[in-house]
There are 2 protein chains.
Amino acid sequence: MSSSRRITLKELARHLGVSTASVSNAFNRPDQLSHALRERILAEARRLGYRGPDAKARSLRTGRSQIVAVLLAESLTYSLNDAVASELLSGIAEVLDAHGHTLLLLSGRQNAAQVPGSSSIADGFIAYGLMPPSLMVSADVPAQRPLVAVDFSPEGYPAVHIDNEPASYAIADHALKSPPLRPAIISLRLTEQPCNGRVTEAHTQLPPEQTITRSRLIGFHRALAEHGIDPAGVPMWNIEENTFEVCAPVIEAILDSPDDERPDLLLCMSDRIALTALTLAERRGLRIPEDLRITGFDGIAEGQYRAPRLTTVRQDSTEKGRIAARMILGLTPSADSLVATELMIGESCP
Amino acid sequence: MSSSRRITLKELARHLGVSTASVSNAFNRPDQLSHALRERILAEARRLGYRGPDAKARSLRTGRSQIVAVLLAESLTYSLNDAVASELLSGIAEVLDAHGHTLLLLSGRQNAAQVPGSSSIADGFIAYGLMPPSLMVSADVPAQRPLVAVDFSPEGYPAVHIDNEPASYAIADHALKSPPLRPAIISLRLTEQPCNGRVTEAHTQLPPEQTITRSRLIGFHRALAEHGIDPAGVPMWNIEENTFEVCAPVIEAILDSPDDERPDLLLCMSDRIALTALTLAERRGLRIPEDLRITGFDGIAEGQYRAPRLTTVRQDSTEKGRIAARMILGLTPSADSLVATELMIGESCP
DNA sequence: CTCGCTGTCTGAATCGATTTAGTTAGGCGC
DNA sequence: GCGCCTAACTAAATCGATTCAGACAGCGAG
């Protein structure tokens with residue numbers, strides 16, 4: 001009533017004629033004071049509109065904020081619209097929520113204006129996606145703060161990931177059981193070197209910074225070789241960013257090939273790529289899978305909630321998120337964790 | 001080296017033999033000290049591994065945290081997997097990012113174990129989705145803290161929204177230009193009363209808590225009436241939660257009707273519902289749009305990146321997010337804002 | 001009666017910064 | 001040489017809590 005400013009714990013204590021310690025205990029450690037006093041304090045707090053201890057002050061004093069930061073290699077805008085990242089976040093959120101923690105979103109690709117150090121508020125970090133060490137530093141991951149990595153393995157930190165090579169081998173192996181005439185691979189960011197379109201030999205010679213996509217490629221190649229197809233002879237296209245907009249022109253170019261050169265099997269490194277191919281092929285009236293077979297990777301919902309269903313490898317990103325969150329909260333010992341994958345046969349490549 | 005603990009500003013100052021004020025200014029107000037001293041301070045900071053002022057302490061002292069909280073009516077798990085909410089978050093993140101702020105995710109449906117008051121760390125709030133006042137209170141939206149509402153209008157706060165009634169009138173009007181034999185409506189959470197399936201009269205008599213879906217329904221009804229169809233005679237089904245899993249059984253039930261009772265036009269209140277109908281109808285071999293026409297609402301990417309494309313009303317959720325974020329940051333005066341919608345004609349209902 | 005113990009409650013230090021008011025020194029004009 | 005202004009720097013209060021180390025009272029045992 002009197003003051004418009006929010007009332008503080010100290011003022012509340014003075015109103016009641018008790019110490020600040022008792023008020024604090026009334027909110028945090030009920031066993032430390034008599035029932036009667038506690039009730040009196042809570043009643044007066046309600047009366048004066050005191051909402052409980054201020055989070056900023058509490059976190060300074062205790063050193064804990066109940067906040068876990070997720071540091072994303074890609075921009076927030078991209079990540080939030082990407083099904084795989086969203087699933088991961090959703091798994092993280094589920095566990096944090098259940099344990100009274102909240103989620104702070106941080107991007108490695110943040111604006112330079114970002115005040116350095118502003119992230120030191122988090123109790124722990126979950127880093128997702130391939131992040132150069134420089135990014136982690138500039139994003140101010142404090143040296144001695146707990147960090148769990150997802151889908152990459154920075155030295156000295158526990159990581160949650162899947163086994164990409166066998167998984168991609170498995171799906172390629174499945175697809176190759178009916179021998180294709182003209183198989184092709186559509187890959188995702190093999191190197192830091194920008195490349196959207198047909199991959200030349202030069203690109204494949206570059207150092208394998210992108211470990212996930214590298215492993216998937218190796219799996220594809222192994223399956224091809226085992227089926228008697230020389231991987232070097234299989235054409236490959238690269239996609240710069242895992243979005244429909246960026247995929248579409250590359251796919252259109254592929255589909256524009258003359259009929260006797262057009263691939264009849266597309267091994268795609270992500271569901272987004274595969275779904276884009278599926279959509280554009282259908283718009284052209286190609287029959288799936290008779291004229292063109294397509295496989296994906298990830299197992300996002302969109303690929304299953306459609307007709308024909310996408311043949312893909314499901315990785316349970318939600319579960320990855322749950323595991324990472326449990327490690328950060330200390331509910332699980334922090335150690336490298338391998339999540340299982342599952343081959344899902346849809347109508348896009350039976 | 002010596003101490004494993006993180007070094008503080010005060011210790012850094014003592015190392016250098018300068019006051020803490022100067023060290024603070026070296027990081028925050030370069031114009032307040034000589035260039036030479038500043039360089040000396042920053043060099044020593046680097047040497048000792050000081051990463052800049054601690055965010056917890058800074059936020060306590062200044063009262064600002066550079067954090068904006070998004071309070072979601074639904075669970076985080078649901079919201080992160082919902083395309084509309086993700087788009088909104090993505091718009092918010094884009095603006096916050098560009099201005100050195102970060103995003104804290106809070107759910108109105110949070111676990112009861114949530115420490116009350118833990119959200120008082122945020123500088124401002126963006127609330128999304130219909131949120132009963134009680135939820136906003138229990139989620140501890142501080143009374144005098146800035147809040148912008150999206151898609152609902154709590155008293156005393158600015159709101160960002162679209163004009164639902166004319167938008168849904170427009171799409172129904174479009175669809176009814178070819179007169180349907182058996183139109184039907186699939187609605188989304190018209191009341192707090194749980195109902196997944198055929199809507200009885202009782203449900204429609206309930207108080208209109210869900211303002212958005214109510215408005216959309218009124219728009220549909222107005223269009224029907226204008227085209228000479230009695231809205232009371234149009235069957236309606238309700239969907240409890242906007243997900244494939246919850247939608248699917250209801251849609252299956254509708255499609256199970258004998259051929260001469262099965263609807264030939266589905267006016268759906270969301271793209272998720274419409275896409276579920278589209279998928280399940282295709283799996284049954286129904287021809288779209290010859291056997292069944294379907295319209296959606298929202299304009300999510302998934303509906304456009306497919307064949308046939310979904311006929312829908314696009315609402316630019318990303319833009320809603322940007323606007324809300326700008327208001328919260330004070331870049332734009334906080335006032336109610338109406339975002340335009342756009343009718344998008346796809347092949348699902350030409 | 002005295003000792004020690006338990007249950008309540010308090011005083012004061014502390015977390016790590018920001019910021020106001022003020023001190024000091026140097027430069028400049030006249 | 002004097003006064004005034006500015007630039008550079010500092011001392012100390014403050015933000016709003018948590019928590020440790022007692023203080024005090026009451027009570028039962030010996």
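Letters A, B, ... are given to chains in the order of the sequence lines, protein chains preceding strands, and every chain is numbered from 1. Scope of the values below: all heavy atoms of this structure, side chains included, with no hydrogens, waters or symmetry mates.
Where B:Leu37 and A:Leu60 each meet DNA chain D at their nearest nucleotide, the meeting point lying more 5' is that of B:Leu37.
Residue A:Thr8 has no polar side-chain atom (N or O) positioned under 4.0 Å from OP1 or OP2 of D:dC15. Contact check, A:Tyr50 against D:dG16: no side-chain N or O comes under 4.0 Å of OP1 or OP2. Put simply, B:Ser34 has no side-chain N or O that comes within less than 4.0 Å of OP1 or OP2 on D:dA7.
Here C:dG11 presents its P atom at 13 Å from NZ of A:Lys10, a figure rounded to the nearest Å. Summarising the geometry, the separation between CZ on A:Arg51 and C1' on D:dA17 is reported as 17 Å, rounded to the nearest angstrom. Protein atom CZ of A:Arg38 is 18 Å distant from nucleotide atom P of C:dG7, rounded to whole Å. Atom pair A:Ile7:CD1 and D:dA17:P shows a separation of 10 Å (rounding to whole Å applied). Remark: P of C:dT8 and CG of A:Asp31 are 10 Å apart, rounded to the nearest angstrom. Between the P atom of C:dG11 and the CZ atom of A:Arg14 lies a distance of 13 Å, rounded to the nearest Å. A:Gln32 places its CD atom 10 Å from the C1' atom of C:dC9, with the value rounded to the nearest Å. The nearest whole Å value for the distance from the CD atom in A:Glu11 to the P atom in D:dT14 is 13 Å.
Screening A:Gln315, A:His161, A:Lys320 against A:Asp151 for a side chain to side chain donor-acceptor pair (under 3.5 Å) leaves a single residue, A:Lys320.
Residue contacts shown for A:Leu33 are limited to sugar-phosphate atoms, with no base heavy atom under 4.0 Å away.
Applying the salt bridge (charged side-chain N to carboxylate O under 4.0 Å, His left out) test to every pair with at least one member in residues 121-130 of chain A, sequence neighbours left out, gives no pairs at all.
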Legend entry - Under 4.0 Å protein heavy-atom contacts per nucleotide of nucleotides 18-28 of chain C, with B for base, S for backbone only and - for none: BB---------
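The closest side-chain heavy-atom distance from B:Ile67 to B:His101 is not below 4.5 Å. The shortest side-chain heavy-atom distance between B:Leu89 and B:Leu105 falls under the 4.5 Å cut-off.
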Inset, instruction - Give the intermediate values and the outcome of side chain to side chain contact (heavy atoms under 4.5 Å, CB included) for residues A:Tyr78 and A:Asn242. - result: CA-CA 9 Å; A:Tyr78 168 82; A:Asn242 194 38; 3.1 Å; yes
Inset, instruction - Determine, step by step, whether B:Leu329 and B:Val68 satisfy the side chain to side chain contact (heavy atoms under 4.5 Å, CB included) criterion, reporting the C-alpha distance in whole Å, the side-chain angles of both residues, the deciding distance to 0.1 Å, and the verdict. - result: CA-CA 9 Å; B:Leu329 295 184; B:Val68 171; 4.3 Å; yes
Inset, instruction - Show your working on ring-ring contact (aromatic ring centres under 6.0 Å, His included) between A:Tyr50 and A:Phe27 and close with a plain yes or no. - result: CA-CA 11 Å; A:Tyr50 179 73; A:Phe27 285 95; 5.5 Å; yes
